[in-house]
**Student:** 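Before I ask anything, let me first share the structure, which is written out below as structure tokens.
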Amino acid sequence: HGSCNSPDACACHSGYTGNNCTFPVCNGLNSSDASVCNGVGACDFPDTCTCESGYTGTDCEYSVCHGLSSLDSSVCNGRGTCTSPNTCTCNANYLGTDCEVVVCFGKNDSDSGVCDGHGSCTSADTCICDSEYTGLYCQTLLCNGYTTGDPLVCSTRGVCLASGEC
């Protein structure tokens, strides 16, 4: 990877260094440097890092979470940050190894009591209520379009039953 100019003196080709021009250089660092390829890869050829599992990038500078680079907008389900291999730091109101669990008002989306048991948690603190319920977390029963506390419920002639009927 170079030529000998005088005894024990080599002129290395671009991308190689060392007494015998045996060490490739990656992103300005000798392949024998512990921090080459961000310390998580090997410099096998000039400016060519072979990254350890869980890392990617020309200098192994990006983590991979569940098959996606930390640069991908859908990494961690788009609800967190890939901070190290297969480690997502989830945004507020999201949980799970890949930030796949949504939290609504303190309850996981799979909890039977989420959205007061009368709706679905579709995103952080966002409930989509069943047709006969309303409210921020589906806590208010509807009767013919009126909330149970409305003075016009049941045309002022009755009370709303749990079934949503007068």
**Student:** Is there less than 2.5 Å between the SG of Cys65 and that of Cys88?
**Tutor:**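 Judged by the SG atoms alone, which are 2.5 Å or more apart, Cys88 and Cys65 are not bridged.
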**Student:** Hydrophobic clusters join Ile, Leu, Val, Met, Phe, Trp and Tyr when side-chain heavy atoms are under 4.5 Å apart, directly or via other members; which others share one with Val103?
**Tutor:**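 Members other than Val103 - counting any ILVMFWY side chain reachable under 4.5 Å - are Leu95, Val101.
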**Student:** Tell me which donor-acceptor pairs under 3.5 Å the side chains of residues 112-128 have, and how far apart each pair is, sequence neighbours excluded?
**Tutor:**
from, atom 1, to, atom 2, distance (Å)
His118, NE2, Asp116, O, 3.2
Thr122, OG1, Thr126, O, 3.4
Ser123, OG, Thr126, OG1, 3.3
Asp125, OD1, Phe105, N, 2.5
Asp125, OD2, Asn93, ND2, 3.4
Thr126, OG1, Ala124, O, 3.1

**Student:** Quick one: does any side-chain atom of Thr83 pair with a main-chain N or O of Thr87 as donor and acceptor, under 3.5 Å?
**Tutor:**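 Yes: the side chain of Thr83 pairs with the backbone of Thr87.
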**Student:** In the structure I gave you, are the side-chain heavy atoms of Arg79 and Val102 within less than 4.5 Å of one another anywhere?
**Tutor:**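 Contact flag for Arg79/Val102 side chains = yes.
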**Student:** For Asn108 and Ser110, test the side chains for any donor-to-acceptor distance below 3.5 angstrom and give the result as yes or no.
**Tutor:**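 No, Ser110 and Asn108 have no side-chain donor paired with an acceptor closer than 3.5 Å.
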**Student:** Is Tyr133 close to Leu141 at the side-chain level, that is, under 4.5 Å between some pair of heavy atoms?
**Tutor:**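 When only atoms from C-beta onward are counted, Tyr133 and Leu141 do touch, with a gap below 4.5 Å.
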**Student:** What I want to check is whether the side chains of Thr50 and Asp44 have a donor and an acceptor closer together than 3.5 Å.
**Tutor:**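 There is such a pair (donor and acceptor under 3.5 Å, judged by atom type) between the side chains of Thr50 and Asp44.
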**Student:** Can you tell me if Tyr62 has over 12 outside heavy atoms packed within less than 6.0 Å of its OH?
**Tutor:**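 Check fails, neighbour count at 12 or below.
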**Student:** Rounded to the nearest 0.5 Å, how far does CG of Asn86 lie from CG of Leu68?
**Tutor:**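 Going from CG on Leu68 over to CG on Asn86, the span is 10.0 Å.
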**Student:** Among residues at least two apart in sequence or on other chains, which ones pass side chain to side chain contact (heavy atoms under 4.5 Å, CB included) with Asp59?
**Tutor:**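 Scan of Asp59 (side chain to side chain contact (heavy atoms under 4.5 Å, CB included), adjacent residues dropped) gives Asn27, Cys37, Asn38, Cys49, Glu61.
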**Student:** Restricting to non-hydrogen atoms, name the atom on Tyr94 and the atom on Cys90 that form the minimum distance, rounded to 0.1 Å.
**Tutor:**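 For Tyr94 versus Cys90, the nearest heavy atoms are O-CB, 3.2 Å.
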**Student:** Go through it in stages, so that I can follow the logic: the residues are Ser63 and Tyr55, the test is side chain to side chain contact (heavy atoms under 4.5 Å, CB included), and I'd like the CA-CA distance, side-chain angles, deciding distance and then a yes or no.
**Tutor:** CA-CA 5 Å; Ser63 297; Tyr55 294 93; 4.1 Å; yes
**Student:** Do the side chain of Ser32 and the main chain of Asn30 share a donor and acceptor less than 3.5 angstrom apart?
**Tutor:**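 Here the side-chain-to-backbone pair does not exist.
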**Student:** So, for Cys21 and Cys10, which heavy atoms are closest and what is the spacing to 0.1 Å?
**Tutor:**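 In this case the closest contact between Cys21 and Cys10 is SG-CB, 3.6 Å.
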**Student:** So how far is it from Thr17 OG1 to Leu29 CG, rounded to the nearest 0.5 Å?
**Tutor:**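 One gets 11.0 Å once the value is rounded to the nearest 0.5 Å.
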**Student:** Let me confirm one number: the OG-CG distance from Ser74 to Asp98, rounded to the nearest 0.5 Å.
**Tutor:**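 CG of Asp98 is found 9.0 Å from OG of Ser74.
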**Student:** Can Cys26 and Cys43 be said to form a disulfide bond (SG atoms under 2.5 Å apart), step by step?
**Tutor:** CA-CA 6 Å; Cys26 284; Cys43 178; 2.1 Å; yes
**Student:** Between Cys99 and Gly80, what is the shortest heavy-atom contact and its length?
**Tutor:**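 Taking every non-hydrogen atom into account, SG-CA, 4.1 Å.
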**Student:** Between Cys138 and Cys129, does the SG-SG distance stay under 2.5 Å?
**Tutor:**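 With an SG-SG separation under 2.5 Å, Cys129 and Cys138 do form a disulfide.
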**Student:** Side chains of Val64 and Pro85: closer than 4.5 Å at any heavy-atom pair?
**Tutor:**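 Counting from C-beta outward, Val64 and Pro85 never come under 4.5 Å.
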**Student:** Quick one: pull up CG in Leu142 and OG1 in Thr147 and give me the separation to the nearest 0.5 Å.
**Tutor:**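 Here the interatomic distance stands at 7.0 Å.
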